Amino acid sequence: MKAILVDKNSADGLNYDIQKRIFEENGIEFILYDCQTEDEIIEKCSDADALLVIYKKITPRIMDNLKNCKVILRYGIGYDVIDVDAATERGIKVCNSPTHCLDEVATHTIAMILAIERKLIMYHENVKNGEWLANAGYKPHRLSSQTLGLIGFGNIARRTAEFAKGFGFNIIAYDPYLKDDIFDSMNVKKVDLDELYKTADVISIHTPLLDSTYHLINKDSISKMKDGVMIVNTSRGPIICEKDILEAVKSRKVKAAALDVIESEPITIKNHPLYDIGNIIISPHAAYNSVEAEEQMMEILATTAIKVLNGENPKNIVNSKALGL
Ligand SMILES: NC(=O)c1ccc[n+]([C@@H]2O[C@H](COP(=O)([O-])OP(=O)(O)OC[C@H]3O[C@@H](n4cnc5c(N)ncnc54)[C@H](O)[C@@H]3O)[C@@H](O)[C@H]2O)c1
């Protein structure tokens with residue numbers, strides 16, 4: 001049997017040794033490609049029993065050309081690169097790695113909030129330029145005087161809430177799919193979206209990218225937010241309309257934006273014009289990253305693939321309900 005990785009270089013610096021070992025020990029051939037196009041994926045990966053993917057889109061056309069495929073696995077928590085409905089229609093299981101980087105993304109979210117509120121990047125640049133000014137830019141607020149609004153209250157948002165409590169934030173969250181006791185058990189106030197927009201000083205986004213969350217943050221929703229709100233996104237770029245948030249930061253309606261993900265990622269040019277606006281910090285979709293998280297993800301995905309190929313149904317089949325499992 002063959003496990004084929006479609007796009008080994010889509011994320012830089014990954015080490016596949018753990019997966020090579022696990023697949024080898026289980027008699028499965030592990031093949032790594034760096035396909036760039038849909039046609040190349042079809043040409044090279046059609047005999048995969050398990051197809052693994054980092055960032056390339058796995059379309060219905062690709063699936064129609066997979067002769068033996070039982071499972072498609074995504075390196076990460078979000079699986080929006082895979083057309084899950086199309087996979088379900090073809091009886092293919094879709095799996096992710098749901099828990100390997102909860103601490104990392106929550107830590108990154110808090111790091112971004114702290115960097116902005118404490119003006120670390122601005123201070124660093126100023127001092128580098130010989131400007132020793134404690135009051136450059138906006139006046140920071142004490143974190144315990146602020147309300148943190150979490151959109152989506154799944155695993156990462158809940159870990160973020162745990163960390164944020166240490167700084168004394170008042171925490172509110174919007175997630176219409178969860179029961180009240182999840183919010184109550186964490187002492188987080190459940191609110192609707194309009195109340196979150198009206199009340200939060202810092203808004204952090206933690207939903208998957210879905211039709212219902214595409215451009216959730218746009219001109220209209222921003223107009224409902226407090227003047228001077230901070231927006232943090234460590235989930236998926238297209239949840240925020242890039243043009244609208246840039247305008248809002250420019251007008252100072254939004255005090256600052258911290259984006260680990262952005263609609264037009266990857267940014268690969270020097271001095272991108274969006275930096276002219278100021279008060280935006282960006283990291284290269286790296287919130288997940290740590291030695292420990294990577295090792296865990298590699299192990300989870302390889303063992304998941306093997307379980308599915310052996311006829312088992314592990315918990316991280318994201319379309320298990322739709323497949324009637
Ligand atoms: N930047 C990174 O490196 C990185 C790493 C891992 C995950 N992520 C992103 O973070 C997202 C969240 O991860 P998670 O582990 O917390 O997932 P999760 O599945 O545990 O939580 C997602 C939550 O969003 C809620 N939700 C869905 N639609 C919603 C809507 N319209 N409004 C409000 N809430 C909604 C769900 O009910 C769920 O509770 C992932 O989908 C992924 O895209 C980013």
Side-chain angles (χ1 to χ4, degrees), residues 10-14 53-55 57 74-82 84 94-113 149-164 172-183 185-186 188 190-197 200 203-218 221 231-240 257-263 265-267 281-290 292-294 296-297 300-301 315-321:
S10 275
D12 58 301
L14 292 179
V53 63
I54 303 174
Y55 282 127
K57 283 204 183 326
R74 161 102 222 293
Y75 285 81
I77 294 177
Y79 45 88
D80 41 276
V81 296
I82 303 167
V84 180
V94 175
C95 298
N96 66 347
S97 166
T99 54
H100 66 280
C101 61
L102 306 181
D103 273 4
E104 285 73 14
V105 183
T107 303
H108 204 87
T109 303
I110 297 290
M112 288 189 128
I113 295 171
L150 302 167
I151 301 184
F153 199 51
N155 291 327
I156 291 172
R158 278 178 244 164
R159 192 62 58 90
T160 302
E162 277 171 34
F163 292 168
I172 60 177
Y174 166 72
D175 192 323
Y177 304 104
L178 297 180
K179 293 201 178 119
D180 290 1
D181 57 354
I182 292 182
F183 299 83
S185 68
M186 294 201 60
V188 167
K190 183 180 182 180
V191 294
D192 64 29
L193 205 44
D194 279 349
E195 188 180 344
L196 186 141
Y197 290 150
I203 293 179
S204 187
I205 300 160
H206 299 284
T207 68
L209 174 60
L210 304 164
D211 289 346
S212 60
T213 58
Y214 175 79
H215 280 191
L216 181 71
I217 304 301
N218 59 25
S221 48
I231 298 180
V232 182
N233 190 7
T234 55
S235 58
R236 281 292 179 271
I239 297 172
I240 298 184
L259 310 170
D260 180 54
V261 287
I262 184 160
E263 209 172 2
E265 73 184 63
I267 293 176
I281 60 172
I282 298 176
S283 51
H285 198 147
Y288 67 86
N289 204 2
S290 79
E292 292 75 10
E294 184 179 322
Q296 231 177 317
M297 177 182 72
I300 288 170
L301 287 182
K315 275 195 189 138
N316 50 330
I317 299 177
V318 302
N319 56 346
S320 59
K321 219 172 160 182

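Counting starts at 1 for both ligands and their atoms, following the listed order. All figures in this text were calculated on a predicted structure; none of them were measured in a lab.
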Exercise for the section: Please round to the nearest 0.5 Å and tell me the distance separating atom CD of Glu162 and atom CZ of Arg158. Expected result: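 The CZ atom of Arg158 is 10.0 Å from CD of Glu162, to the nearest 0.5 Å.
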Handout entry: Nearest-0.5 Å distance that lies between atom CD in Glu292 and atom CD in Glu104
Key =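 If we round to the nearest 0.5 Å, Glu292:CD and Glu104:CD are 7.0 Å apart.
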Exercise for the section: Could you pull out the closest heavy-atom pair between Lys190 and Leu178, with the gap in Å? Expected result: NZ-O, 3.2 Å
Practice task
Report the residues that fulfil side chain to side chain donor-acceptor pair (under 3.5 Å) with Tyr288, sequence neighbours left out, ordered by chain and then residue number.
Solution key: none
For ligand 1, run through the N/O pairs with the protein that fall under 3.5 Å and put one pair on each line.
{"unit_1": "ligand 1", "atom_1": "1 (N)", "unit_2": "Thr234", "atom_2": "O", "d": "3.0"}
{"unit_1": "ligand 1", "atom_1": "1 (N)", "unit_2": "Asp260", "atom_2": "OD2", "d": "2.9"}
{"unit_1": "ligand 1", "atom_1": "3 (O)", "unit_2": "Tyr288", "atom_2": "N", "d": "3.1"}
{"unit_1": "ligand 1", "atom_1": "16 (O)", "unit_2": "Asn155", "atom_2": "N", "d": "3.4"}
{"unit_1": "ligand 1", "atom_1": "16 (O)", "unit_2": "Ile156", "atom_2": "N", "d": "2.9"}
{"unit_1": "ligand 1", "atom_1": "20 (O)", "unit_2": "Asn155", "atom_2": "N", "d": "2.9"}
{"unit_1": "ligand 1", "atom_1": "20 (O)", "unit_2": "Asn155", "atom_2": "ND2", "d": "3.4"}
{"unit_1": "ligand 1", "atom_1": "37 (O)", "unit_2": "Asp175", "atom_2": "OD1", "d": "2.8"}
{"unit_1": "ligand 1", "atom_1": "37 (O)", "unit_2": "Asp175", "atom_2": "OD2", "d": "3.2"}
{"unit_1": "ligand 1", "atom_1": "39 (O)", "unit_2": "Asp175", "atom_2": "OD2", "d": "2.7"}
{"unit_1": "ligand 1", "atom_1": "43 (O)", "unit_2": "Arg236", "atom_2": "NH1", "d": "3.3"}

Exercise for the section: Kindly indicate whether the side chain of Ile300, heavy atoms from C-beta on, has any atom under 4.5 Å from the side chain of Thr99. Expected result: yes
Practice task
Inspect the surroundings of CG in Asp180 and state if more than 12 heavy atoms from other residues, nucleotides or ligands are less than 6.0 Å away.
Solution key: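 Yes, because the 6.0 Å sphere around CG of Asp180 holds more than 12 heavy atoms from other groups.
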